[in-house]
Novice: 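The structure follows.
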Amino acid sequence: MGGCFSDVKGGKEAVGGAQPSSTVHNDAVEFFYRSHGAFPLFSQLELTLSASNLLDLDVTSKSDPMVIVYAKKSDGKLEELGRTEVILNSLNPVWIEKVSIAYQFEMVQPLIFHVYDVDTKYHNVPVKTLNLRDQEFLGEGSCGLSEIVTKQTRSLTLNLINQNWHGGMRKFGTLTVQAEETIASRSAVEIKFRCSHLENKDFFSKSDPFLRISRIVESGGSIPIYKTEVVDNNLNPTWKPVCLSMQQFGSKDTPLVFECFDFNSNGDHVLIGKIQKSVADLEKLYKERSGVNFVFPTSRQGHEKVLKGQLFVDQLFEKEQFSFLDYISSGYELNFMVAVDFTGSNGDPRSPDSLHYIDPYGRLNSYQQAIREVGEVIQFYDVDKRFPAWGFGGRTTNGTVSHCFNLNGSASDFEVEGVEGIMGAYATALHNVSLAGPTLFGQVVNKAAEIAGRSLLSSNNKYYVLLIITDGILTDLQETKDALVRASNLPLSVLIVGVGNADFKQMEILDADSGPRLESSTGRIATRDIVQFVAMREVHSGQISVVQGLLEELPGQFLSYMRSMDMKPLTFHAGQPSTS
């Protein structure tokens with residue numbers, strides 16, 4: 001068991017599965033896990049389209065409509081996502097062909113819908129090859145994908161317009177867009193594995209076993225999808241339940257490889273044995289209460305040694321793994337809060353070199369950019385769009401330095417109206433508040449946690465997102481850790497944007513992505529990781545966007561809270577046909 005490892009505890013944690021994890025990035029499985037959506041970075045949706053009262057441009061029959069769906073890119077260009085089939089002779093068509101789109105929470109995704117009447121002579125031509133200039137334009141609709149998924153029905157009806165129409169005022173009908181999450185992203189199995197009589201690979205103690213599960217792909221290779229936690233010094237281990245989504249294991253008949261390793265802190269894990277079984281095979285083992293023997297490859301090609309050690313399935317059931325969209329569309333809200341750094345290190349706001357400089361020509365400074373870009377995404381998920389906004393590290397009008405003052409200058413009301421309200425309050429505060437210091441996060445984190453905690457007494461459908469924008473090095477690092485650990489069991493996430501060129505190593509400590517979970521001064525470990533940090537200089541260098549850098553983990557943090565509290569979507573009832 002020799003060797004050197006920077007975070008042995010992290011290396012022994014489970015990685016993968018259908019639930020978010022807080023393990024450190026010390027395994028190739030983590031990369032696969034993220035890139036294949038096991039962290040809910042995106043959800044695959046199918047759009048179903050129907051229309052009513054379309055314009056009739058045919059003389060002897062009705063229009064033959066088809067819809068083309070586009071994504072509007074940041075540069076204004078349209079990217080085609082898909083086309084429906086052509087419905088013959090219908091002004092109220094319901095299209096069967098779906099259009100797939102990856103819903104990304106952290107991005108505003110404008111959609112454009114063009115409806116065409118397809119000329120009869122093209123009816124036998126594949127829709128993908130149709131030249132649109134040969135078809136008659138019936139109308140256009142547009143919306144953001146967020147507008148659809150936040151509806152409880154996940155359905156939105158758009159009034160079609162036709163700017164090319166010169167026949168006077170008239171209605172062009174409506175288009176209804178229905179979004180459905182593909183069932184594969186919701187179905188999962190939960191399995192509890194146990195082993196007996198494993199071969200000991202250690203000299204002075206017993207093996208420290210863990211399982212690695214991989215899916216065999218058509219090419220014959222395999223892709224790792226899950227790694228269990230390590231059970232120390234045990235030849236008869238039982239692991240915590242494993243939750244695998246259908247996205248990961250494919251189908252019940254897809255072959256999976258189960259490899260049992262003895263953990264070594266230097267990363268050279270020793271294979272104890274392996275088994276190839278499908279989920280269907282595991283179901284059979286569970287029902288029969290029987291085990292299966294591990295095998296070990298031998299030097300003779302194609303031959304394997306059957307081992308005494310066995311794998312057992314002590315628990316297996318199918319479940320519905322509720323997604324971020326399930327919660328949001330059922331009525332859960334994200335409540336946005338913001339805290340702005342008013343410490344002196346930002347520089348005199350009147351100077352163009354200041355991080356707080358308000359450009360008279362409208363160019364946004366880093367604080368304004370972070371507020372607008374993050375706020376414009378999250379506001380879709382907040383019903384009343386009233387946002388708490390604070391400042392910290394500034395000398396207020398009464399002459400005292402405050403580390404949590406209301407940005408709007410009010411003595412009692414800390415909420416402002418919408419993103420523009422935050423922008424306006426920030427600009428006004430720069431005239432009324434003197435920059436001071438030091439940089440302390442503890443009070444604003446505690447204030448946000450107080451609001452999140454109080455909400456639990458009256459409602460369970462709110463989750464809070466605190467955006468802290470700062471330029472400096474923390475003076476109260478341990479106090480901030482204590483506040484974040486206390487808040488880790490509340491419906492709260494903290495997003496931190498670092499502006500300027502300061503050393504932000506402290507922020508990376510608070511964001512536990514690449515290290516252990518936060519620990520308080522009393523030794524308490526954070527229930528979950530609730531912090532995400534991004535440096536604005538990385539945004540300016542073009543490496544990432546501030547929205548993607550900050551919000552890519554938010555759905556995972558949201559789900560980790562909901563699942564840890566065993567909270568289901570508001571419209572879910574125990575009598576529904578679900579095994580979760």
Side-chain angles (χ1 to χ4, degrees), residues 106 108 333-343 346 349 355-356 358 364-394 396 402-410 413-430 432-433 435 439-452 455 462-472 474 480 483-484 487 490-500 507 510-511 530-536 539 546-547 549-551 554 557:
E106 72 271 16
V108 176
E333 295 180 44
L334 298 182
N335 287 188
F336 184 43
M337 304 183 280
V338 65
V340 178
D341 186 337
F342 279 77
T343 57
N346 284 280
L355 295 170
H356 279 309
I358 303 294
L364 301 182
N365 66 34
S366 293
Y367 285 90
Q368 293 172 308
Q369 184 182 350
I371 291 169
R372 183 176 296 282
E373 291 191 17
V374 176
E376 284 185 348
V377 172
I378 295 182
Q379 69 176 346
F380 282 111
Y381 307 90
D382 191 318
V383 172
D384 64 9
K385 294 179 173 52
R386 291 183 58 82
F387 306 136
W390 304 289
F392 60 92
T396 58
S402 172
H403 299 289
C404 186
F405 59 88
N406 296 337
L407 201 61
N408 60 8
S410 170
D413 186 11
F414 48 72
E415 291 187 328
V416 297
E417 292 280 352
V419 175
E420 293 306 319
I422 301 175
M423 299 285 278
Y426 164 67
T428 301
L430 288 175
N432 300 328
V433 177
L435 305 189
T439 304
L440 308 178
F441 282 4
Q443 290 188 31
V444 292
V445 173
N446 284 333
K447 184 65 175 178
E450 177 189 333
I451 294 171
S455 74
K462 295 182 183 297
Y463 189 90
Y464 293 83
V465 181
L466 170 63
L467 171 66
I468 300 177
I469 316 172
T470 184
D471 84 313
L474 280 178
T480 299
L484 291 169
L490 293 172
L492 175 68
S493 286
V494 180
L495 312 177
I496 304 174
V497 173
V499 298
M507 307 304 166
L510 298 180
D511 181 352
I530 65 170
V531 178
Q532 178 69 10
F533 168 74
V534 67
M536 188 61 83
V539 175
V546 64
V547 171
L550 282 177
L551 298 184
L554 184 55
Q557 292 177 0

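Numbers here simply count residues along the sequence, with the first being 1. These figures come from a predicted structure and were not determined experimentally.
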Novice: Quick one, L334 and D382 - any side-chain contact, counting heavy atoms below 4.5 Å?
Specialist: no

Novice: Does the side chain of F342 reach to within under 4.5 Å of the side chain of T396, using non-hydrogen atoms?
Specialist: no

Novice: Quick one: does any side-chain atom of H356 pair with a main-chain N or O of D341 as donor and acceptor, under 3.5 Å?
Specialist: yes

Novice: Do L435 and P349 touch side chain to side chain, with heavy atoms closer than 4.5 Å?
Specialist: yes

Novice: So, K385 side chain and Q379 main chain: donor-acceptor pair closer than 3.5 Å or not?
Specialist: yes

Novice: Do side-chain atoms of N446 reach the backbone of G442 as a donor and acceptor pair under 3.5 angstrom?
Specialist: yes

Novice: So, the side chain of T428 versus the backbone of A425: is there a donor-acceptor pair under 3.5 Å, distance only?
Specialist: no

Novice: Could you check if a side-chain atom of L407 sits within less than 4.5 angstrom of a side-chain atom of F387, using non-hydrogen atoms only?
Specialist: no

Novice: Do L474 and L510 come close enough that some side-chain heavy atom pair is under 4.5 Å?
Specialist: yes

Novice: Is the backbone N or O of N335 less than 3.5 Å from a side-chain atom of Y381, with the two atoms forming a donor-acceptor pair by type?
Specialist: no

Novice: Quick one: does D413's side chain have a donor or acceptor within less than 3.5 Å of a partner on E415's backbone?
Specialist: yes

Novice: Is the ring pair W390/F414 parallel, tilted or perpendicular, if the boundaries are 30 and 60 degrees?
Specialist: tilted

Novice: Can you find a pair of side-chain heavy atoms, one from F441 and one from I496, that are under 4.5 Å apart?
Specialist: yes

